[in-house]
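Quick note: numbers below take in every heavy atom, side chains included, and nothing from hydrogens, waters or symmetry partners.
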2 protein chains.
Amino acid sequence: MAGDGRVTEGTPAAPRRQARGQQRIQEILHAAAAVFGEQGYDATTTNAIAKRAGISPGSLYQFFKDKDDIARSLAAHYAAQLTALRAGVFTVETVDGADLEDLVDAVLGPLVAFNLAHPGFKALFARTDMPAGLRDAVAPIQATIHQRVADLIALLVPDRPPEGVARTATVAIQLVRAMTPLITEAEGPERDALTAELREALVGYLRRQV
Amino acid sequence: MAGDGRVTEGTPAAPRRQARGQQRIQEILHAAAAVFGEQGYDATTTNAIAKRAGISPGSLYQFFKDKDDIARSLAAHYAAQLTALRAGVFTVETVDGADLEDLVDAVLGPLVAFNLAHPGFKALFARTDMPAGLRDAVAPIQATIHQRVADLIALLVPDRPPEGVARTATVAIQLVRAMTPLITEAEGPERDALTAELREALVGYLRRQV
DNA sequence: TAACAATACGAGTAAATGCTCGTGTTGTCG
DNA sequence: CGACAACACGAGCATTTACTCGTATTGTTA
């Protein structure tokens, strides 16, 4: 992660990070996630990230090539945590046995919790129109997520052709992406109600495919 | 529309537009819609709009106060056309008699056509995270759309409390908003397939509420 | 036609912002 | 300790961009 800690991509050697630097990288990513979550990607300035991290703008650029590089690293960071999350929550076996409602709950609950715990996540993934740099930064992760959801759905609907499965995955992901900002911005019972509503939508949609 | 054609909001009198000016306003809105649709709102520069409209930057600001004012006017423009669309496509009577599938089709078909015909629409309405200026600009229209969809859903589910109807409307709208960019960007059969998939999602979701 | 308002121009301005650079400090390794 | 690399600073550069302003032209109105 953190672009392998490299500042440049070309011939210049990557600096060998010392403990202080490793920690700084984490602090910067943490700060970036916070500001992205509050202001959105476009509106976030690199100086604001530096300030939030308690360092100078110059220091920031000793760890990251540019703003997109921060987004890239943060996206990779989230991807890793999502993988861990998925591994902990369900396996193929649990999928096979469970019915649709339980399956949706098993995925949706941790996913909502993840979004609440990581406010910067939605800023990177929940946008429908992205600036070119950001799109490239998160594209690989988007593809990974899509693949995983498609695999899940393929288990539910074994007869369907791959393109159909892909489209179903797309719709399901889009639905979650669109609802996530509303859910995280709501609070208390309204948040729960919106989450339940999203669940209903997913179940209702997926039921039709089976 | 066009902010009533006023350039300033305060005491200074609004200029009395002549035919040339009225036409310019339309040309500017048309150009803005095109560029918004291609680049997105943030990435669109006012100079690019002016160039596309074939006028100078200075001329642009004789008709619009600022960039947000253009978005506001364009949003109002779209709102008016949407109202006309709705009036032409279905009435409360048609809703009462039809079943769910037909109702969804009746709304979705023209809506997709509208988005294809007006590429700038999604740039103003389909974003999940909006800059402050844009959010304010389109908020009233969003509210109007939400109200209309809620009214429709209230007819389908008469027993439900208003908050529940509102949430269902929210989910339905979000689903359409999220899928619209994908549908407009796709072409030919893939576009049709995605549209059909969106239809399935809406029907599946709304079925559960009835 | 005289006077005024609306339209048009486009170089230029002020502000924002991603990022650099010169310099100084801290850690590492022989 | 000596030398070098990593880390840190923050003023400021270069660029972008929303918007202005002085000026010239076209339309309207009495």
Side-chain angles (χ1 to χ4, degrees), chain A residues 2-10 12-28 31-32 35-36 39-73 131-134 137, chain B residues 2-10 12-28 31-32 35-36 39-73 131-134 137:
Chain A
D4 287 341
R6 265 185 281 115
V7 167
T8 51
E9 291 184 333
R16 289 193 337 227
R17 297 288 171 214
Q18 39 192 89
R20 204 181 2 159
Q22 305 268 13
Q23 191 175 340
R24 275 275 178 270
I25 289 177
Q26 295 308 314
E27 291 169 1
I28 292 169
V35 187
F36 284 159
Q39 321 258 4
Y41 181 78
D42 285 331
T44 295
T45 70
T46 54
N47 285 18
I49 296 175
K51 193 170 201 174
R52 182 85 160 225
I55 62 175
S56 77
S59 295
L60 200 161
Y61 285 92
Q62 279 181 353
F63 299 104
F64 296 96
K65 182 177 174 297
D66 52 27
K67 195 180 173 184
D68 288 342
D69 192 30
I70 300 178
R72 235 187 316 275
S73 297
L134 182 55
Chain B
D4 287 340
R6 264 185 282 117
V7 166
T8 51
E9 290 185 332
R16 289 189 341 226
R17 297 287 172 215
Q18 39 193 91
R20 206 185 356 163
Q22 305 269 13
Q23 192 175 340
R24 274 276 178 271
I25 289 177
Q26 296 308 315
E27 289 168 3
I28 291 169
V35 186
F36 284 158
Q39 322 257 2
Y41 181 78
D42 284 330
T44 296
T45 70
T46 54
N47 284 20
I49 297 175
K51 194 170 199 174
R52 182 84 161 228
I55 62 176
S56 78
S59 295
L60 199 162
Y61 285 92
Q62 280 181 349
F63 300 104
F64 296 96
K65 180 180 176 295
D66 52 27
K67 194 179 172 183
D68 288 343
D69 193 31
I70 300 178
R72 236 188 315 275
S73 297
L134 183 56

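Residue Leu60(A) is out of contact with every strand shown, counting any heavy-atom pair closer than 4.0 Å. Using a 4.0 Å heavy-atom distance criterion, Gly21(B) is classed as a sugar-phosphate-only contact.
Ile49(B) has its side chain within reach of Phe36(B): a pair of non-hydrogen atoms, C-beta onward, lies under 4.5 Å apart. Taking the side chain as every heavy atom from C-beta outward, Phe64(A) and Arg72(A) never approach each other to under 4.5 Å. When side chains are defined from C-beta on, Gln26(A) does not count as touching Gln23(A), because their heavy atoms never get closer than 4.5 Å.
Heavy-atom nearest nucleotides on DNA chain D were determined for Ala19(A) and for Asp68(B), and the one closer to the 5' end corresponds to Ala19(A). Each of Thr44(A) and Gln18(A) lies near DNA chain C, and the nucleotide nearest Thr44(A) is the one positioned closer to the 5' end.
Look at CG on Leu134(A): it is 13 Å from P on dG18(C), rounded to the nearest Å. Distance CZ (Phe63(B)) to P (dT20(D)): 15 Å, rounded to an integer number of Å. One interatomic measurement links the two molecules: CD of Gln22(B) to P of dT28(D), which rounds to 12 Å at whole-angstrom precision. As rounded to whole Å, 12 Å separates atom P of dT17(C) from atom CD1 of Ile49(A). Here the P atom of nucleotide dG10(D) and the CG atom of Asn47(A) are 12 Å apart, to the nearest Å.
Closest to the side chain of Thr46(A), from the set dG18(C), dA8(C), dA18(D), is dG18(C). Here the side chain of Pro57(B) is nearest to one of dG10(C), dG18(C), dA6(D), namely dG10(C). Side-chain proximity of Lys67(B) to dC9(C), dA6(C), dC19(D): nearest is dC19(D). Nearest nucleotide to the side chain of Arg20(A), out of dC9(D), dG27(C), dC9(C): dG27(C). Candidate nucleotides dA18(D), dC9(C), dC19(C) were compared by shortest atom distance to the side chain of Asp66(A), and dC19(C) ranks first.
Note that the CD atom of Gln62(B) and the CZ atom of Arg17(B) stand 7.5 Å from one another [nearest 0.5 Å].
Looking only at atom types and distance, the side chain of Asp68(B) has a donor-acceptor partner in the side chain of Tyr41(B) under 3.5 Å away.
Between Ser59(A) and the phosphate of dC9(D), there is a side-chain N or O to OP1/OP2 separation shorter than 4.0 Å. The phosphate of dA6(C) has neither OP1 nor OP2 within less than 4.0 Å of any side-chain N or O from Arg16(B). At the phosphate of dA8(C), OP1 or OP2 sits under 4.0 Å from a side-chain N or O atom of Arg24(B). The phosphate of dT20(C) has neither OP1 nor OP2 within less than 4.0 Å of any side-chain N or O from Tyr61(A).
One N or O donor and one acceptor, one from the side chain of Gln62(A) and one from the base of dA8(D), sit under 3.5 Å apart.
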